[in-house]
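To start, the structure under review is shown below, and the notes come after it.
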Amino acid sequence: MITAGPTREFLDPVRFLSNPSSGKMGIYIADEAAKMGADVLLIHGPVDVPIPERVRKISITSAEDMYNAVMKNYNWSDCVIMSSAVADFTPTEKIEAKIKKNEDELLVRLKRTKDILAELGKNKGKKILVGFALETENLEENARKKLHNKNLDIIVANLQSDRTGFRSDTNEVLILHRNGAAKKIPLTSKRKIAREILKIIAMEVI
Ligand code: CTP
């Protein structure tokens, strides 16, 4: 099971909070995994690139939708790769009618969404759990914390810049394993990065 893209957290019927994730990284991982012979289910938010025919897919909108879709399919999967940029906060209430600009200031109250990967980590069993960490500083340190706190096998850490992270066609990643091993993949296309990540995951399966 692979997740990709952003989620959208609606404030009212015409406005949402989201992030610039294009979904490319997760979609390329899904496509390459299917080419390698895996039975792939891709759960994705609103993405910028087409979903390959060879991949089964479920389209979702919000972090809550993604949580429900992932939980429903968790038993079926033996490896979960969470490359989606799930919103960490959602409005405490969704206004049913469009918010009108009556006031000079608008205060929006947000609440935390569920951390999907952390929930999966609590019920890991023999499954392989792979997370992503998008950081703007202290890449390795922050990613190692997430690897440990979410009980993951592997974390793929990347920095946000013009050529890496959200939207870009390229990426540069540091792949950290729970056993302490680390592998840096220098700047290259997201499709090549996808293959490298899958090679490392395949070693877990063998
Ligand atoms: N993730 C998740 N559920 C969330 C938020 C994040 O499953 N509600 C997953 C992401 O898909 C990713 C990993 O957790 O695989 C790390 O996401 P990231 O945004 O880098 O970090 P957070 O855990 O959200 O922590 P912070 O925002 O404080 O850096």
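In each ligand, atom 1 is the first atom listed, and ligand 1 is the first ligand listed.
- Of the charged side-chain nitrogens involved, none lies within less than 4.0 Å of a carboxylate oxygen, so that Arg163 and Asp169 do not count as a salt-bridged pair.
- The presence of a protein heavy atom under 4.0 Å from atom 28 (O) of ligand 1 is ruled out.
- Judged by the shortest distance from any of its heavy atoms, Glu119 lies outside the 4.0 Å radius around the atoms of ligand 1.
- Atom 26 (P) of ligand 1 has as its closest protein heavy atom Lys146 NZ, 4.0 Å.
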Salt bridge (Lys or Arg N to Asp or Glu O under 4.0 Å) evaluation trace for Glu32 with Arg191: CA-CA 8 Å; Glu32 293 298 322; Arg191 197 170 274 281; 2.7 Å; yes
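- Residue contact check for ligand 1: Ser84 places a non-hydrogen atom closer than 4.0 Å to it.
- In this structure, Asp31 pairs ionically with Arg54, as a charged nitrogen and a carboxylate oxygen lie closer than 4.0 Å.
- Looking at Asp153 and Lys124, their side chains come closer than 4.5 Å, going by heavy atoms from C-beta outward.
- In this structure, atom 13 (C) of ligand 1 lies nearest to the protein heavy atom Phe132 O, 3.1 Å.
- The heavy atom nearest to atom 5 (C) of ligand 1, out of those in Asp115, Ile155, Asp88, Thr113, is found in Asp88.
- By the 4.5 Å heavy-atom criterion applied to side chains, Arg15 and Ile99 are counted as neighbours.
- Among all protein heavy atoms, the one lying closest to atom 23 (O) of ligand 1 is Lys150 NZ, 2.5 Å.
- An N or O contact shorter than 3.5 Å is missing between Ala133 and ligand 1 by distance.
- You'll find the side chain of Met1 reaches within 4.5 Å of the side chain of Val70, heavy atoms only.
- Ligand 1 has no nitrogen or oxygen under 3.5 angstrom from a nitrogen or oxygen of Gly131.
- Within the 4.0 Å cut-off (strictly below), no protein heavy atom is located near atom 19 (O) of ligand 1.
- By the criterion of a heavy-atom distance under 4.0 Å, the backbone of Lys114, and not its side chain, is placed next to ligand 1.
- Ile116 N, 3.0 Å is the protein heavy atom nearest to atom 3 (N) of ligand 1.
- In this model, no donor atom of one side chain and acceptor atom of the other lie less than 3.5 Å apart for Glu172 and Thr170.
- Here the side chain of Thr3 pairs a donor or acceptor atom with the backbone of Ser84 at under 3.5 angstrom.
- Any N or O atom pair closer than 3.5 Å counts here, and Met82 shares at least one such pair with ligand 1.
- Lys127 NZ: more than 12 foreign heavy atoms inside a 6.0 Å radius.
- Set against the non-hydrogen atoms of Leu134, the atoms of ligand 1 under 4.0 Å away are 20 (O).
- Of all protein heavy atoms, the one closest to atom 7 (O) of ligand 1 is Leu117 N, 2.9 Å.
- For the atom pair CD1 (Ile58) and CG (Leu42), the distance works out to 9.0 Å, reported to the nearest 0.5 Å.
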